[in-house]
Structure formats: C-alpha cells, structure tokens
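The block underneath contains the structure these notes are about, expressed in structure tokens.
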Amino acid sequence: MIFSLILGFLLLIIGLYGMLTQKNLIKIVIGFSIVDTGTHIIIVSIGYLSGKTAPILDSTVDLANAAKQVVDPIPSALVLTAIVIGLAVTALMLSFVIKLYQKNKSLSIDDYQELKW
Amino acid sequence: MIKRIFILLALVGLVLMFIPFLRDFDFHKELSKLSSQYVEGSINDLNTQNVVTSVIVTYRGLDTLGEVTVLFLTTAGVGFLLRKKKASLKTRRSSELLQTASQFLFVLIILTGIFIFTHGHLTPGGGFQGGVLITTAFLLLILADVNLKFNYSILHFVESFSGVFYVMIGLFGFLILGMNSFLDPTILPLGNYGKLLSAGAIPVIYSLIGLKVGSELTTIIDKMGGE
Amino acid sequence: MISIIIIVFGIIMIIAAFLAIHLKNLLSAIISAGVISLLASVIYLLLAAPDVAMTEAAIGSGLTTIIFIFTLKKIKKGDLDD
C-alpha cells in the first residue's frame with residue numbers, strides 16, 4: 001500500500017523536525033514517539049500484500065494452500081516487539097526529564113549546557 | 001537563524017533520500033521463500049493458528065528473549081532514576097465513582113488479559129498484549145487510590161519466576177532434543193490443531209512472557225505515577 | 001476503499017502531528033500524540049496486521065499517553081511555555 005508508506009515517511013520527517021526545532025524537553029520526547037509510529041507504519045506497509053488476509057490460519061483460510069492467501073508475518077512480529085520496547089524507552093526518557101527538572105527547575109533545553117562545546 | 005537553515009537542509013536531504021526508495025519500490029505479489037516456510041511450518045510442525053505467534057515465540061525466539069531483557073533493563077533504569085524518598089500523604093481523594101468502578105473492573109480486566117495471553121496461539125494477541133492489559137488494571141487501581149502501596153516482593157517474585165522459567169524451558173530443549181533446539185516448543189505434545197491445549201510449549205512460553213511484561217510495566221507505571 | 005480510508009486517516013494524523021509539535025499547552029500536545037497512535041492502530045488493522053493493531057491500541061494510545069500525563073503531574077505545571 002503506497003499511501004501508508006508515504007504516510008509513514010511524512011510522520012517520520014515531521015517527528016524529526018519536531019525533535020530538532022523544539023526547545024521543550026517533553027516536546028522532544030513527543031517528537032521521538034511520532035518518529036516511532038512512523039517507522040512502524042513503514043515496516044508494516046512493506047509486509048502488506050494487496051488482497052490477502054491476516055496471518056491467522058483459522059477456518060476461513062484453506063490450509064492446504066495457506067502461503068498463497070496471507071500477508072507477510074515477519075514485519076508484524078518485528079513491529080510488535082518494537083512497540084513494547086518503544087514504550088519502555090519513552091518511560092526511561094521521561095524519567096530522565098523528571099530528574100533534570102528536579103535538579104534545575106527548567107524544561108528548556110537551553111538551560112542544560114554542561115555538555116555543549 | 002542559521003540553525004534553522006541547517007535543520008531545513010537536513011530534512012530536505014532526508015526527503016531526497018526517501019524519494020528514490022518510494023519511486024522504485026515494487027510491491028511483492030507473493031510471500032518470500034522464508035515467510036512461506038514460516039507459514040507452512042506453523043501448520044505442519046507447530047500446530048499454531050497464529051503465524052505471528054509462532055514467529056515471535058519459536059522462529060525468532062532468541063530475539064524475543066533479548067527483547068524481554070531490554071525491557072528488564074529499562075525497568076531497572078526507571079526504578080533507579082525515580083527512587084522514592086518519602087511517602088507524602090495526599091489529602092485529595094479520587095471520586096466515589098472511580099473507586100467503586102475500579103474495584104468492579106479490576107477483576108474483569110485481569111481476566112481479559114489472562115484470556116488474551118493464554119489464547120495467543122489461536123487468536124490475535126499474546127503475551128505482550130495480555131501483559132499490557134494487566135498493567136492497565138493496576139493503573140486503574142493507582143488512579144483510584146493515590147496512596148496505594150504495591151507489595152513489591154510479590155511483583156519481583158512474579159517477574160523473576162517468569163524470567164527464570166522462560167530460560168529454563170529453552171534449556172529443556174537442549175536436554176531433550178539436542179544441541180540445535182534452544183526454545184523448541186515441541187518438548188511438549190503438539191495436540192490437535194486449533195484447540196487450547198495444543199502447539200507444544202508455545203502457550204506456556206507466551207503466558208510467562210505475559211506475566212513478565214505485566215509485572216515490569218506495572219513497576220514502571222507505579223514508579224512514574226506514585227507520589 | 002482501503003486507500004480512501006488510509007488517505008483520510010493519514011491527513012488527520014499529519015494534522016495531529018503538527019498540532020502535537022506546535023501547541024503551547026503541553027496537555028493538548030500529549031493528547032494529539034495519543035490521537036496519532038489511535039489512528040495508527042486502525043491503519044494497522046486495514047493493513048491486515050491485527051496483532052500489531054491490538055498492541056498499538058493498548059500501548060501507543062493508552063499507556064504512553066498516561067506516562068506522559070504522569071510526567072506532567074510530577075512537574076506540577078500544566079502550562080509551561082517554550
């Protein structure tokens with residue numbers, strides 16, 4: 001499906017734009033989660049085969065000829081684990097944000113210049 | 001201002017990189033050889049209806065084991081960063097409606113989660129989705145009572161129990177079936193196609209993954225949401 | 001038919017993504033990011049991946065939004081400007 005592929009790339013670019021231009025730390029994490037969603041949509045739409053059904057082989061699928069009737073299961077499996085990891089990484093980033101806010105009382109990235117050169 | 005120009009240049013470069021990929025992308029009409037083998041093997045060798053489950057648990061089982069490890073590490077990181085200093089008693093209580101409904105819905109949501117991860121080889125869903133649903137039930141409890149204290153020893157016990165048994169089922173493959181069979185689910189009988197007790201060790205492994213994901217995400221939610 | 005639904009949902013998702021990045025109010029930005037994930041789960045369902053759709057609906061629009069809101073609550077100010 002070409003439209004969902006384009007949609008995934010657009011979301012990826014918008015999220016990257018947000019991560020690069022915004023000053024607020026929480027906005028940067030939101031941009032990261034948008035990039036995440038865009039990448040997942042790209043991977044799932046690469047595995048889609050038009051006119052075929054989901055890879056659940058119950059009574060609606062002819063078992064003798066199953067490989068001709070279902071979409072690719074591997075991108076689904078990869079994205080499924082990636083979503084859970086994405087949640088855990090977002091939680092870790094947000095706890096860093098909380099820690100930084102407790103230390104410096106500021107959410108703007110301009111106030112954290114210790115590592116700037 | 002010069003920063004904005006560089007950002008725009010970088011994004012335009014990214015778009016220029018993507019355009020040839022989109023223009024020359026040809027969609028497959030057939031499954032690739034590897035994917036067809038996974039689908040055939042899921043019917044003939046594993047008796048699993050849900051091909052995604054058989055890919056996650058068996059064919060890419062080592063990948064899933066590593067992924068659960070990453071989840072454990074991030075949970076440890078969140079727990080380290082958000083150590084609780086002292087419990088502050090909050091005076092504002094949540095509404096009566098939320099408190100009553102949470103007690104009623106808690107059991108139902110837990111049961112739905114258990115249904116989803118035990119039927120992972122038959123219907124869409126599995127350990128990850130079931131574990132997240134169990135986390136949602138605990139989230140409801142946290143929202144209803146801000147000063148709720150979880151029993152951490154039970155959480156840690158469930159988490160380490162499921163992790164240890166996941167690896168031990170993998171090692172049983174070594175002992176029973178030989179050197180190439182880490183995480184092979186055929187150590188248990190395969191049963192009839194389409195029944196609950198079928199597909200060898202896949203329901204057991206997916207239930208353990210569900211318990212592990214549920215307890216780890218509950219820990220994350222508790223650390224982030226607790227006062 | 002599937003392409004029309006994907007185009008309509010895609011336009012809504014792109015608008016929501018712009019809102020999530022440009023809104024000053026952090027709570028509204030977080031809710032917009034949740035809307036993106038919720039519509040993405042419908043798109044996964046149309047692309048014949050029900051497992052991914054379930055995961056995204058539970059995690060992307062449920063738990064991620066809640067974690068962001070918990071962070072805002074810890075920071076104790078709903079309306080910080082840039």
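Every chain is numbered from 1, with letters handed out A, B, ... down the list of sequences. Keep in mind that what you see is a predicted model, and the values were worked out from it rather than measured. The figures here come from the full heavy-atom set of this structure, side chains too, leaving out hydrogens, waters and symmetry mates.
When all heavy atoms of C/Ala48 and A/Thr53 are compared, the pair lying nearest together is CB-C, 4.2 Å. Heavy atoms only, all atoms of each residue included: A/Lys27 and C/Ile21 are closest at NZ-O, 3.2 Å. The minimum heavy-atom distance linking C/Ile2 with A/Tyr48 is given by the pair CD1-OH, 4.0 Å.
Interface remark: A/Lys52 contributes backbone atoms only to the contact with chain C (heavy atom separation under 4.5 Å). Contacts between A/Ile30 and chain C at a heavy-atom distance below 4.5 Å involve backbone atoms as well as side-chain atoms. Looking at A/Ile109, neither its backbone nor its side chain comes within 4.5 Å of chain C, counting heavy atoms on both sides. For a residue to count as touching a neighbouring chain, one of its non-hydrogen atoms must lie under 4.5 Å from one of that chain's; by this rule A/Val84 touches chain C with backbone and side chain alike. Both the backbone and the side chain of A/Ile83 come within less than 4.5 Å of a heavy atom in chain C. Contact of C/Leu47 with chain A is made through backbone and side chain together, with heavy-atom distances under 4.5 Å. C/Ala33 touches chain A through its side chain: at least one heavy atom from C-beta onward sits under 4.5 Å away, while N, CA, C and O do not.
Going from atom NZ of A/Lys105 over to atom CD1 of C/Ile75 covers 9.5 Å, rounded to the nearest 0.5 Å. Atom CD1 of C/Ile43 and atom OG of A/Ser45 lie 9.5 Å apart (nearest 0.5 Å). To the nearest 0.5 Å, atom OG1 of residue C/Thr55 and atom CG of residue A/Leu80 are 3.5 Å apart. Taking CD1 of C/Ile67 as the reference point, atom OG1 of A/Thr90 lies at 7.5 Å (rounded to 0.5 Å). In this structure, A/Ile34 CD1 and C/Ile36 CD1 are separated by 4.0 Å, a value rounded to the nearest 0.5 Å.
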**OP:** Dump the intermediate steps for side-chain contact (heavy atoms from CB on, under 4.5 Å) on A/His40 and C/Tyr44, then the final yes or no.
**Re:** CA-CA 9 Å; A/His40 298 157; C/Tyr44 294 142; 3.0 Å; yes
**OP:** Evaluate the criterion side-chain contact (heavy atoms from CB on, under 4.5 Å) for residue pair A/Leu94 and C/Phe70; output intermediate values, then yes/no.
**Re:** CA-CA 10 Å; A/Leu94 285 174; C/Phe70 277 161; over 6 Å; no
Original post:
Could you walk me through whether A/Ser76 and C/Asp51 pass the side-chain contact (heavy atoms from CB on, under 4.5 Å) check?
Top reply: CA-CA 7 Å; A/Ser76 299; C/Asp51 296 80; 5.6 Å; no
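Per-residue counts of heavy-atom pairs under 4.5 Å with chain C were compared for A/Val71, A/Ile56, A/Ile26; the largest is that of A/Ile26. Looking only at heavy-atom pairs under 4.5 Å with chain C, the residue among A/Val29, A/Val97, A/Leu87, A/Thr37 that has the most is A/Leu87.
For A/Phe32, the CZ atom counts as densely surrounded, since its 6.0 Å shell holds more than 12 non-hydrogen atoms of other residues, nucleotides or ligands.
The ring pair (Phe, Tyr, Trp, His ring centres under 6.0 Å) test applied to A/Phe9 returns B/Phe18, B/Phe21, not counting sequence neighbours.
None of A/Ile14, A/Leu10, A/Ile41 except one satisfies the side-chain contact (heavy atoms from CB on, under 4.5 Å) rule with C/Met13; the exception is A/Ile41.
Proximity to chain A among residues 4-12 of chain C is limited to C/Ile6, C/Ile7, C/Gly10, judged by heavy-atom separations below 4.5 angstrom.
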